[in-house]
There are 2 protein chains.
Amino acid sequence: MDHSSPTDKSPHKDKPPRQSSTQQGTPRQNMGISAYAWLKQDIICGVYQPGEKLLMSRLKERYALGISPLREALSQLVSEHLVVAISQRGYRVAPMSIEELADIYDARSQLEAMLVQLAIERGDDTWEAEILAKAHTLAKVAEVHGADEMLDIWDRRHQAFHSALVAGCGSRQLLIARESLFDQAARYRHLWLCQTVFSDRALAAKRQEHADLVDAILARDAKRAGDLTRDHIMTPVPIITDLMHARGLV
Amino acid sequence: MDHSSPTDKSPHKDKPPRQSSTQQGTPRQNMGISAYAWLKQDIICGVYQPGEKLLMSRLKERYALGISPLREALSQLVSEHLVVAISQRGYRVAPMSIEELADIYDARSQLEAMLVQLAIERGDDTWEAEILAKAHTLAKVAEVHGADEMLDIWDRRHQAFHSALVAGCGSRQLLIARESLFDQAARYRHLWLCQTVFSDRALAAKRQEHADLVDAILARDAKRAGDLTRDHIMTPVPIITDLMHARGLV
DNA sequence: CATATTAAAAATATAGATATTTTAATCTTT
DNA sequence: AAAGATTAAAATATCTATATTTTTAATATG
């Protein structure tokens with residue numbers, strides 16, 4: 001990935017990363033929203049450790065901003081549970097734990113399974129077509145790319161594939177809830193991604209799961225699609241658990 | 001209710017309303033969080049109209065605060081979709097629409113049904129006992145109270161009852177998602193509450209639905225409990241739709 | 001030597017000031 | 001008189017400064 005290492009806390013100069021679709025109708029170019037995007041990205045990628053104190057002086061220096069837009073950004077991240085605010089003691093990166101990992105992934109698996117089942121019930125032809133399109137694109141990720149690029153491309157297409165599966169559910173609000181859970185999972189997921197994308201075995205297993213899932217969905221087999229979705233989403237949990245122990249994140 | 005009328009924009013002097021459990025581990029007494037709670041309450045109760053511009057000068061006066069804590073509060077409300085921010089044009093109350101109403105209630109009904117089914121699968125004896133307790137308390141709301149008090153008590157017990165139903169689901173994250181959807185529904189729900197609580201017919205109908213729901217749940221009939229939950233949550237939608245047309249909120 | 005106490009330093013929360021942008025009002029020009 | 005340009009007023013976004021609170025360090029006390 002193209003991000004600074006944890007020790008490099010020099011200020012950003014590029015544009016902020018594209019914000020998730022959760023923050024829909026807010027295409028403002030102020031510093032507040034940039035700070036939000038930068039901070040979120042940095043927290044997700046582990047530039048800051050879980051529980052780490054977010055010193056205003058440091059943030060000011062790193063992002064070359066005043067206190068006001070930073071506090072606004074942090075307030076939003078508090079709402080998203082990526083940051084916690086303590087009375088007169090400033091902000092900290094939200095802690096991570098095995099318990100939270102299990103909770104978030106359980107919630108994701110249940111919600112996503114429901115969305116898939118709703119989509120089976122409500123989805124139209126365009127929805128089906130998009131699934132096939134994204135499945136194809138994902139299957140065709142060749143390993144001719146560099147390491148970072150490979151990870152990036154696979155992840156993007158993988159997300160696009162899963163988004164296509166649930167797109168037919170017809171509920172804007174449930175998709176937003178899904179995004180929100182995904183954002184909270186991002187830090188845990190980041191650990192898993194690196195482990196998985198470079199393992200041919202793991203990648204092949206995923207490929208098979210995706211194929212089965214597409215089968216069940218196109219056959220409109222709600223029961224089976226739900227079960228497969230839950231299993232598919234829960235598979236990373238033991239892997240991430242091990243990684244967290246190994247890296248002393250718990 | 002004990003809130004100011006839409007035209008009364010005098011500053012608050014009391015303590016801010018208790019924040020929802022979504023904002024769990026943040027019991028700080030700063031002005032930022034007070035502003036958040038006050039603003040949220042005022043938006044939900046209709047002190048500000050949907051789409052209304054939130055002038056900084058007005059907010060400063062009304063809440064007797066500086067710009068900084070107000071912007072922090074507004075940033076959080078943007079995350080919760082109760083307020084929208086527009087580039088260099090400040091903040092507005094999020095608009096309301098029939099489409100959003102339908103979307104939010106559909107999402108709530110699906111999510112809540114899933115939570116009830118999960119609770120049936122995972123809930124223990126304490127969960128069952130709490131359901132009976134809250135159902136009893138709700139059924140015993142006597143009409144000996146004043147109008148506002150009656151509405152307040154019934155609403156509180158009604159919420160407690162429904163919370164008890166889903167409490168057994170075992171997923172902290174899904175309960176948070178539920179709270180979030182509930183907060184978004186609050187403005188619409190507020191319209192419905194007044195209409196319902198003072199209609200004996202409506203109240204009796206609700207009572208029956210609740211009794212059926214408890215039956216199905218204690219019988220661990222997941223299918224039926226899910227269906228009843230979806231229906232129960234969707235019933236206010238046509239009523240609110242009519243009210244919105246009547247009051248020109250659309 | 002551990003535990004209070006106190007003083008100094010650092011950090012936060014918020015108000016106030018300022019530059020920039022938007023909105024409105026006025027004045028041209030066709 | 002309508003459309004566009006110009007100017008003035010208002011509002012926003014952000015920085016800087018300050019009061020308050022917390023943290024750290026140093027010193028005294030049992």
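As a basis for the values below, the full set of heavy atoms in this structure was taken, side chains included, without hydrogen atoms, waters or symmetry mates. All chains are named by letter (A, B, ...) in the order of the sequence lines, taking the proteins before the strands, and each is independently numbered beginning at 1.
Using a 4.0 Å heavy-atom distance criterion, Lys53(A) is classed as a sugar-phosphate-only contact.
Between Tyr48(A) and Tyr63(A), the ring-plane angle classifies as tilted under the 30° and 60° cut-offs. Using cut-offs of 30° and 60° for the angle between ring planes, the Trp192(B) and His158(B) rings count as tilted.
Atom C1' of nucleotide dT14(D) and atom CD of Glu72(B) are separated by 13 Å, given to the nearest angstrom. Atom pair Arg71(A):CZ and dA15(C):C1' shows a separation of 13 Å (rounding to whole Å applied). The interatomic distance linking Leu55(B) (CG) with dT23(C) (P) rounds to 12 Å, in whole Å. Rounded to whole Å, atom C1' of dA19(C) lies 11 Å from atom CD of Gln88(B). Here dA13(D) presents its C1' atom at 15 Å from CD1 of Ile86(B), a figure rounded to the nearest Å. If you take CD1 of Ile67(B) and P of dT20(C), they are 17 Å apart, rounded to a whole angstrom. In this structure, Met31(A) places its CE atom 11 Å from P of dT21(C), rounding to the nearest Å. Rounded to an integer number of Å, the gap from Tyr63(A) OH to dT14(D) P is 16 Å.
Closest non-hydrogen pair, Ala133(A) versus Thr137(A), comes out as O-OG1, 2.7 Å.
Of the side-chain N and O atoms in Arg89(A), one or more sit less than 4.0 angstrom from OP1 or OP2 of dT23(D).
A donor and an acceptor atom never sit less than 3.5 Å apart when one is taken from the side chain of Ser57(A) and the other from the base of dA11(C).
With the nearest nucleotide of DNA chain D identified for both Leu54(B) and Ser68(B), Leu54(B) has the one nearer the 5' end.
For Arg189(A), the salt bridge (Lys or Arg N to Asp or Glu O under 4.0 Å) partners two or more places apart in sequence, or in a different chain, are Asp155(A).
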